[in-house]
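A short worksheet on the structure shown next.
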Amino acid sequence: MRIARIRALTVLCALALVAGLVTLWAIRNDSQVSASDDCEPGAVEIKTAPIPDPSEIEVVVLNGTDRTGLGEQAASQLEDRGFVVTEVGDTDEKVEEPAVVFFGPEQFASGVHAHAYFLGGRQEFSLDWDKPITIILGDGFQEVRSTSDARQSFAQSGGIEPPEGTCAVE
């Protein structure tokens with residue numbers, strides 16, 4: 001009887017150890033923990049991380065200049081860097097900077113990432129934006145930055161700050 005009790009206690013200890021390890025694993029990997037508990041009422045939740053790979057980012061490229069073929073040139077350069085260009089066209093909206101990148105809450109991290117490829121460009125975030133990320137090329141546009149240059153400027157920017165009226169969640 002003594003050996004049976006020792007065996008039973010050993011099995012119970014092993015089960016308790018496994019239960020404890022599973023509990024710790026579940027707590028560490030809980031996907032329901034988020035910063036949204038700290039959001040102010042009415043704030044729109046936006047994902048600031050992880051930064052998507054360019055192959056996961058769809059963009060529309062519009063030429064806002066009088067230079068013929070500029071949209072196609074930029075679209076080709078963006079595709080070379082891995083972006084998915086869904087549409088290329090012209091627009092009557094004129095901008096002086098190299099580019100203006102428009103995006104909304106659904107594409108926040110993607111829009112900020114796409115903006116890094118346009119030195120001197122401007123990003124326009126709108127809570128009401130429900131279209132794909134749209135890039136309007138301006139008179140100052142020369143070329144789409146290289147991936148390494150974009151990553152470097154993105155890293156030097158100090159991270160992504162959520163705009164007013166939003167709340168960052170990861």
Side-chain angles (χ1 to χ4, degrees), residues 31-170:
S31 63
Q32 295 177 6
V33 176
S34 71
S36 63
D37 297 338
D38 299 331
C39 288
E40 294 181 20
V44 175
E45 291 184 354
I46 58 170
K47 285 186 136 194
T48 57
I51 301 302
D53 188 72
S55 64
E56 301 170 12
I57 301 174
E58 294 183 354
V59 297
V60 172
V61 179
L62 300 176
N63 183 358
T65 71
D66 295 330
R67 301 187 311 205
T68 305
L70 191 64
E72 289 80 9
Q73 173 191 341
S76 175
Q77 292 174 0
L78 284 166
E79 287 172 340
D80 288 346
R81 285 148 184 82
F83 287 88
V84 178
V85 178
T86 59
E87 182 182 337
V88 179
D90 294 322
T91 182
D92 293 333
E93 186 173 341
K94 303 295 181 198
V95 293
E96 293 182 18
E97 28 305 73
V100 179
V101 181
F102 293 90
F103 54 94
E106 292 295 316
Q107 321 102 337
F108 185 77
S110 299
V112 172
H113 187 187
H115 171 256
Y117 285 80
F118 296 93
L119 180 63
R122 172 171 50 102
Q123 54 185 328
E124 286 291 328
F125 171 80
S126 172
L127 290 171
D128 300 328
W129 189 266
D130 60 353
K131 302 172 195 164
I133 296 171
T134 302
I135 302 166
I136 298 180
L137 303 172
D139 291 327
F141 177 77
Q142 297 297 318
E143 66 181 353
V144 175
R145 297 176 82 187
S146 70
T147 301
S148 61
D149 287 344
R151 283 183 184 159
Q152 183 177 4
S153 74
F154 192 76
Q156 290 174 346
S157 71
I160 297 177
E161 288 296 319
E164 189 175 327
T166 65
C167 178
V169 295
E170 293 185 22

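Since the model is a prediction, treat every value here as computed from it, not as a measurement. FYI, side chains are in, hydrogens and waters are out, and symmetry mates aren't considered; it's all heavy atoms of this structure. Count residues from 1 along the sequence.
From Gln107, atom CD reaches atom CD1 of Ile133 across 5.0 Å, with rounding to the nearest 0.5 Å. From Ile57, atom CD1 reaches atom OG1 of Thr86 across 12.5 Å, with rounding to the nearest 0.5 Å. In this structure, CD on Glu72 lies 10.5 Å from CD on Glu79, to the nearest 0.5 angstrom.
Here the side chains of His113 and Pro54 are in contact, with some heavy-atom distance below 4.5 Å. The side-chain heavy atoms of Leu78 and Ile135, taken from C-beta on, include a pair separated by under 4.5 Å. Between Thr166 and Phe108 the shortest side-chain heavy-atom distance does not fall below 4.5 Å. For the pair Pro163/Ile46, a side-chain contact is recorded, criterion being any heavy-atom separation below 4.5 Å from C-beta on.
Looking only at distances, no side-chain donor or acceptor of Gln123 sits under 3.5 Å from a matching main-chain atom of Phe103. Side-chain atoms of Thr134 come within 3.5 Å of backbone N or O of Pro132 as a donor-acceptor pair. Here the side chain of Arg81 pairs no donor or acceptor atom with the backbone of Tyr117 at under 3.5 angstrom. Glu97 places no side-chain N or O within 3.5 Å of a backbone atom of Arg122 that could act as its donor or acceptor partner. The closest donor-acceptor contact from the side chain of His115 to the backbone of Gly121 lies under 3.5 Å.
Classified by interplanar angle (parallel below 30°, tilted 30° to 60°, perpendicular above 60°), the ring pair Trp129/Phe102 is parallel.
Counting all heavy atoms, side chain and backbone alike, Val101 lies closest to Ala114 at CG1-CB, 4.4 Å. Nearest heavy atom pair, residue Asn63 against residue Leu70, reads ND2-CB, 3.5 Å. Residues Leu137 and Gly71 share a closest heavy-atom pair of CD1-CA, 3.9 Å. For the residue pair Ala109 and Ile51, the shortest heavy atom distance occurs at CB-CD1, 4.1 Å. Contact detail for Val61 and Ala74: the closest heavy-atom pair is CG1-CB, 4.2 Å. Nearest approach of Val44 to Pro105, heavy atoms of both residues: CG1-CB, 3.9 Å.
The environment of Glu96 atom CD is sparse: at most 12 non-hydrogen atoms of other residues, nucleotides or ligands sit within 6.0 angstrom.
Here Asp139 does not pair with Lys94 in a salt bridge; the nearest charged N to carboxylate O distance is not below 4.0 Å.
A side-chain donor-acceptor contact under 3.5 Å links Asp53 and Ser55.
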* Pair Val100-Phe118, side chain to side chain contact (heavy atoms under 4.5 Å, CB included): steps then yes or no -> CA-CA 9 Å; Val100 179; Phe118 296 93; over 6 Å; no

